[in-house]
> 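Below you will find the structure I want to go over with you.
Below, each value reflects all heavy atoms present in this structure, side chains not excepted, and no hydrogens, waters or symmetry copies. Remember, it's 1-based here, ligands and their atoms both numbered in the order they're listed. Heads up: numbering here begins at 1 and tracks the sequence.
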Amino acid sequence: MIIAIDGPAAAGKGTLAQNLAKHFHYAFLDTGRLYRAVGYAVLQAGKDPSDESAATREAKSFDPKSINKILSNPALRDEATGNAASKVAVIPAVRSALLDLQRNFAKEPFFEDGTPAKGAVLDGRDIGTVVCPDADVKFFVTASAEVRADRRFKELQEANKPADYDTILKDIKERDERDSNRATAPLKPAEDAYVLDTSHLNAVQVFQAALDHIAVNHE
Ligand code: DC
């Protein structure tokens with residue numbers, strides 16, 4: 001069983017994906033973290049995230065066995081890393097280097113400790129359209145840019161990190177623009193995706209709506 005969850009930054013995909021993975025006892029892969037790890041590695045090497053050869057080199061150097069360790073780096077959550085991720089994600093060679101990794105996970109999912117799982121939840125931008133077009137369930141989780149910026153702003157405030165709403169909103173809009181208009185695997189709902197607008201829903205309501213959809217359509 002594969003559940004694909006796509007949508008723009010800060011729409012609530014990650015929370016929904018983790019809730020569903022926990023509920024069904026499936027393994028979870030936040031594919032944005034793969035792109036973030038590439039963006040981070042490029043920045044650490046002192047290169048520009050739009051530099052094709054530097055980004056491709058980093059994407060190809062991932063060892064699937066140490067993926068959990070690479071993805072657990074807390075620096076991957078930073079806004080600067082998210083922006084770098086969105087830039088490396090435009091590069092087709094980076095996307096193809098990460099594609100096998102994601103498809104292998106979907107085919108043979110495993111938990112963080114390496115034990116196999118009987119299902120997987122993947123979240124990202126192109127899971128339902130490109131990575132797992134045959135996924136059993138597809139969600140497209142979205143919300144207005146203003147609501148998403150407000151959520152990010154509050155998250156940062158709660159973590160006692162510097163936060164400026166206008167800058168966050170500007171970054172979110174730029175990221176949406178880049179993610180939606182790139183030539184390879186742009187952000188868009190799969191034709192058979194169930195669209196969940198979370199602008200006026202909290203995390204519990206989103207989870208419930210997703211469970212209802214699965215119960216009615218897939219069980
Ligand atoms: O979901 P996120 O904010 O962690 O993703 C960071 C960036 O990675 C996002 O702006 C676009 C890119 N990305 C992608 O192109 N395809 C995916 N499946 C996941 C993320």
Side-chain angles (χ1 to χ4, degrees), residues 2-18 20-21 28-43 49-50 52 55-56 58-59 62 67 70-106 109 120-133 135 138-143 145 147-149 151-153 155-156 167-190 193 196 198 206:
I2 311 266
I3 303 179
I5 306 184
D6 292 304
K13 311 181 291 293
T15 307
L16 174 62
Q18 288 181 63
L20 288 173
F28 163 56
L29 181 64
D30 172 357
T31 66
R33 281 217 190 166
L34 295 169
Y35 290 91
R36 282 171 181 261
V38 176
Y40 179 75
V42 175
L43 291 177
S50 302
E52 280 197 37
T56 307
E58 297 298 346
F62 274 162
I67 206 75
I70 297 168
L71 301 188
S72 64
N73 179 357
L76 299 189
R77 289 164 177 260
D78 295 349
E79 290 299 302
T81 313
N83 288 331
S86 170
K87 289 181 186 164
V88 301
V90 171
I91 303 166
V94 168
R95 304 201 69 84
S96 71
L98 299 180
L99 191 58
D100 278 352
L101 235 150
Q102 298 170 78
R103 286 195 174 145
N104 288 340
F105 180 85
V121 183
L122 289 91
D123 93 45
R125 301 289 187 288
D126 61 340
I127 308 301
T129 49
V130 175
V131 178
C132 303
K138 298 181 186 178
F139 291 108
F140 190 84
V141 181
T142 190
V147 166
R148 290 184 283 128
R151 286 181 189 156
R152 248 311 125 79
F153 176 71
E155 260 171 40
L156 290 169
T167 311
I168 297 171
L169 181 61
K170 184 173 147 280
D171 281 353
I172 280 196
K173 285 185 173 168
E174 267 176 29
R175 203 121 79 79
D176 285 357
E177 173 79 15
R178 208 181 300 117
D179 293 347
S180 306
N181 293 316
R182 66 181 177 224
T184 312
L187 167 68
K188 63 167 184 204
L196 262 169
T198 70
V206 174

> Closest approach of Asp6 and Thr129, non-hydrogen atoms and distance?
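Shortest heavy-atom contact: OD2-N, 4.4 Å.
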
> Determine whether a donor-acceptor pair (N or O, by modelled atom type, separation under 3.5 Å) exists between the side chain of Lys13 and the backbone of Val141.
no

> Are the side chain of Arg178 and the backbone N or O of Val90 linked by a donor-acceptor pair below 3.5 Å?
no

> Sort and list the pairs that fulfil salt bridge (Lys or Arg N to Asp or Glu O under 4.0 Å) and have at least one residue in residues 94-104, not counting sequence neighbours.
Arg95-Asp126

> Using heavy atoms and a cut-off under 4.0 Å, could you grab the residues that are in contact with ligand 1, chain by chain, numbers ascending?
Lys13, Thr31, Gly32, Tyr35, Arg36, Ala85, Ser86, Ala89, Arg95, Gly124, Arg125, Asp126, Arg175, Asp179, Arg182

> Walk me through it: do Arg151 and Glu155 pass the test salt bridge (Lys or Arg N to Asp or Glu O under 4.0 Å)?
CA-CA 6 Å; Arg151 286 181 189 156; Glu155 260 171 40; over 6 Å; no

> Can you check whether Ala75's main-chain N or O pairs, donor with acceptor, with Asn73's side chain at less than 3.5 Å?
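Yes; at least one donor-acceptor contact below 3.5 Å.
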
